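This report refers to the structure that appears directly beneath it.
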Amino acid sequence: MDIEHRVSLKKYNTFGIDVPASHFIRIDSLETLREALAEPGLPPPFILSGGSNLLLTGPLEARVLYMDTRGREVVAEDAGRINLRVMAGENWHELVMWTLDQGFGGLENLALIPGKTGTAPIQNIGAYGVEIKDVLQSLEAVDMQTGELVSFSREACGFGYRDSVFKRGARGRYVIWSVTLGLTRKGHEIRTGYGDIAGWLEREGIRHPEPADVARAVIAIRKSKLPDPAVLGNSGSFFKNPVVPKTQYEELLRTHPGMPGYPQEGDGIKVPAGWLIDSLGLKGMRRGDAGVHEKQALVLVNHGAATGEEILQLAREIQQRVLEAFDIRIEPEVNIL
Ligand code: EPU
């Protein structure tokens with residue numbers, strides 16, 4: 001096991017924030033992970049994956065465990081379906097494209113989401129009408145206290161909107177090691193109902209879309225409004241979409257007739273945080289190098305040399321203005337360290 005000291009994390013987080021990690025260990029096998037967890041005298045562990053949902057506000061005094069495992073294996077199959085076990089360190093979008101190349105359906109709506117496979121279940125990544133919970137069969141995680149490999153069924157993961165047991169009761173206890181996804185070989189379930197997917201396919205003249213066509217639509221739509229982290233540092237949606245009581249939503253509609261709202265189970269209405277921020281005229285706003293993306297108000301960006309603290313200040317200012325204008329508290333989706 002190789003322990004590096006004072007490693008710059010700039011290339012390991014999609015905001016491109018340049019802070020050092022006191023200790024950095026690359027994890028490419030179960031043995032290395034167990035050794036790294038058991039090593040005495042080091043600061044507490046921090047699991048670093050794709051760094052795409054992370055805002056670093058200062059030097060990281062931690063035993064950074066950088067997930068760098070590889071592997072994709074069909075573990076069960078019949079005529080119509082396969083189960084694919086994927087190691088946590090695999091890049092998510094490369095995995096999506098590879099499954100489509102193999103003719104497997106199921107992940108197409110989740111194309112172009114930054115990050116690695118192992119962290120996808122933690123916040124139950126979702127886009128264009130699909131969440132990872134819809135395809136995940138089970139996962140394996142390493143218990144950081146014992147080093148044991150533990151299996152979680154889909155139910156045991158306790159998934160919710162941008163949420164799972166790994167953000168609640170099991171927070172900080174496990175390292176996700178592999179995920180097993182249930183995909184289709186034929187009879188694919190094509191989901192074009194969200195946003196402009198159907199419109200894009202129609203404009204392209206595609207009447208009977210295959211999963212790969214849906215992925216092309218999703219990629220085109222995402223590219224049109226979400227910035228590429230390699231060009232402009234960002235972490236996707238910075239805030240979660242809030243759910244407000246129906247009575248409050250109806251009250252707000254009187255003064256803001258255009259406010260979108262999506263009824264949830266129970267009494268709540270989900271309101272797009274991007275709309276709230278946008279309606280305050282904050283798209284394209286800047287505080288130094290920290291800014292609100294000009295095409296999607298839910299995305300905060302680093303125009304170059306912003307510090308994590310500056311981005312956090314901007315996020316707080318936005319939260320405050322949304323609270324004052326709508327009496328709605330929006331919460332970050334991004335992990336702030
Ligand atoms: N809207 C605006 N102005 C904006 C942004 C959005 O008016 O600047 C309005 C849109 O017109 C639309 C509504 O808000 O009516 C929803 O916008 P969009 O479809 O872009 O989706 P979102 O709610 O902003 C969520 C996810 C995204 C995911 C998209 C598509 C969250 C926090 N974000 O965004 O996920 O790609 O839906 O499914 O749920 C991510 O988590 O990092 C992420 C990018």
Side-chain angles (χ1 to χ4, degrees), residues 13-15 49-55 92-93 96 107-116 119-134 159-164 167 191-200 214-215 217-229 232-244 249 252-253 256-264 268-285 291-301 315 318-319 321-322 325-326 328-335:
N13 73 99
T14 58
F15 262 123
S49 181
S52 59
N53 202 35
L54 178 64
L55 179 62
W92 177 261
H93 178 64
V96 173
L107 303 185
E108 55 278 4
N109 296 55
L110 302 174
L112 216 58
I113 296 183
K116 297 190 181 200
T119 30
I122 297 178
Q123 62 148 338
N124 183 24
I125 58 166
Y128 301 97
V130 176
E131 294 176 319
I132 194 172
K133 77 168 170 53
D134 302 326
F159 288 121
Y161 166 63
R162 295 293 190 274
D163 197 30
S164 75
K167 287 178 84 170
R191 284 151 298 197
T192 60
Y194 190 102
D196 194 35
I197 297 183
W200 189 91
V214 175
V218 168
I219 290 169
I221 296 166
R222 285 187 75 102
K223 279 192 171 162
S224 74
K225 48 184 168 182
L226 294 171
D228 178 353
L232 186 63
N234 76 90
S235 206
S237 302
F238 193 90
F239 300 102
K240 289 191 273 200
N241 289 327
V243 176
V244 303
Y249 178 72
L252 282 166
L253 263 187
H256 304 87
M259 180 185 282
Y262 309 101
Q264 306 296 296
I269 308 282
K270 188 185 277 182
V271 178
W275 187 93
L276 298 173
I277 300 166
D278 194 0
S279 72
L280 296 174
L282 303 184
K283 228 156 43 179
M285 162 202 196
V292 179
H293 187 48
E294 54 184 16
K295 294 189 194 142
Q296 225 297 10
L298 201 48
V299 177
L300 302 189
V301 296
I318 293 167
Q319 273 175 312
R321 290 178 70 167
V322 168
F326 302 101
I328 296 177
R329 186 171 293 283
I330 53 172
E331 298 296 341
E333 167 189 309
V334 167
N335 295 306

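Computed from a predicted model, the values in this text were never measured in an experiment. The first residue in the sequence is number 1, and the count goes up from there. Order of appearance sets the numbers: ligands from 1, and atoms from 1 within every ligand.
- Using modelled atom types, one side-chain atom of Trp92 and one backbone atom of Leu110 make a donor-acceptor pair closer than 3.5 Å.
- With sequence neighbours left out, Leu253 forms a side-chain contact (heavy atoms from CB on, under 4.5 Å) with Tyr249, Met259.
- With ligand atoms numbered from 1 in the order given, ligand 1 contributes 23 (O), 31 (C), 39 (O) to contacts under 4.0 Å with heavy atoms of Asn241.
- Considering every non-hydrogen atom in both His293 and Lys283, the closest pair reads O-CG, 3.2 Å.
- The shortest side-chain heavy-atom distance between Ile113 and Val96 does not fall under the 4.5 Å cut-off.
- Nearest-heavy-atom check against atom 37 (O) of ligand 1 across Tyr161, Tyr194, Phe239, Tyr128 picks out Tyr194.
- Distances from atom 11 (O) of ligand 1 to the protein include no heavy-atom value under 4.0 Å.
- Which parts of ligand 1 touch Gly236 is read off a 4.0 Å heavy-atom cut-off, strictly below it: atoms 42 (O).
- Residues Phe238 and Val292 form no side-chain contact, since every pair of their non-hydrogen atoms from C-beta on lies 4.5 Å or further apart.
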Donor-acceptor list for residues 121-133 side chains, cut-off 3.5 Å, not counting sequence neighbours:
residue	atom	partner	partner atom	Å
Asn124	OD1	Ile132	N	3.4
Asn124	OD1	Lys133	N	3.1
Asn124	ND2	Glu131	OE1	3.4
Asn124	ND2	Gly160	O	2.8

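- Each of the atoms 26 (C), 27 (C), 31 (C), 33 (N), 35 (O), 39 (O), 40 (C), 41 (O), 43 (C) of ligand 1 lies under 4.0 Å from some heavy atom of Arg162.
- The ligand atoms of ligand 1 that sit less than 4.0 angstrom from a heavy atom of Glu333 are 32 (C), 40 (C), 41 (O), 42 (O).
- Between Leu252 and Val271 there is no side-chain heavy-atom pair separated by less than 4.5 Å.
- With ligand atoms numbered from 1 in the order given, ligand 1 contributes 36 (O), 44 (C) to contacts under 4.0 Å with heavy atoms of Arg222.
- Set against the non-hydrogen atoms of Lys283, the atoms of ligand 1 under 4.0 Å away are 8 (O).
- Atom 1 (N) of ligand 1 has as its closest protein heavy atom Trp275 N, 3.8 Å.
- Looking at Pro242, Ser237, Gly258, Ala273 and measuring to atom 40 (C) of ligand 1, the nearest heavy atom belongs to Ser237.
- Atom 15 (O) of ligand 1 has its closest protein heavy atom at Tyr262 OH, 3.8 Å.
- Counting heavy-atom neighbours within 6.0 Å of Glu294 CD, excluding the residue itself, gives a total of 12 or less.
- Taking the side chain as every heavy atom from C-beta outward, Ile318 and Leu280 never approach each other to under 4.5 Å.
- By the 4.0 Å heavy-atom criterion, His293 is excluded from the residues contacting ligand 1.
- Only the side chain of Pro272 comes within contact range of ligand 1, with a heavy atom under 4.0 Å; no backbone atom does.
- In terms of protein heavy atoms, atom 3 (N) of ligand 1 is closest to Asp278 OD2, 2.7 Å.
- Counting atoms of ligand 1 from 1 in the listed order, those under 4.0 Å from a heavy atom of Ala297 are 4 (C), 8 (O).
- Annotation: atom 5 (C) of ligand 1 to nearest protein heavy atom, Gln296 OE1, 3.3 Å.
- Looking at heavy atoms from C-beta onward, Leu276 lies out of side-chain contact with Phe239 at the 4.5 angstrom threshold.
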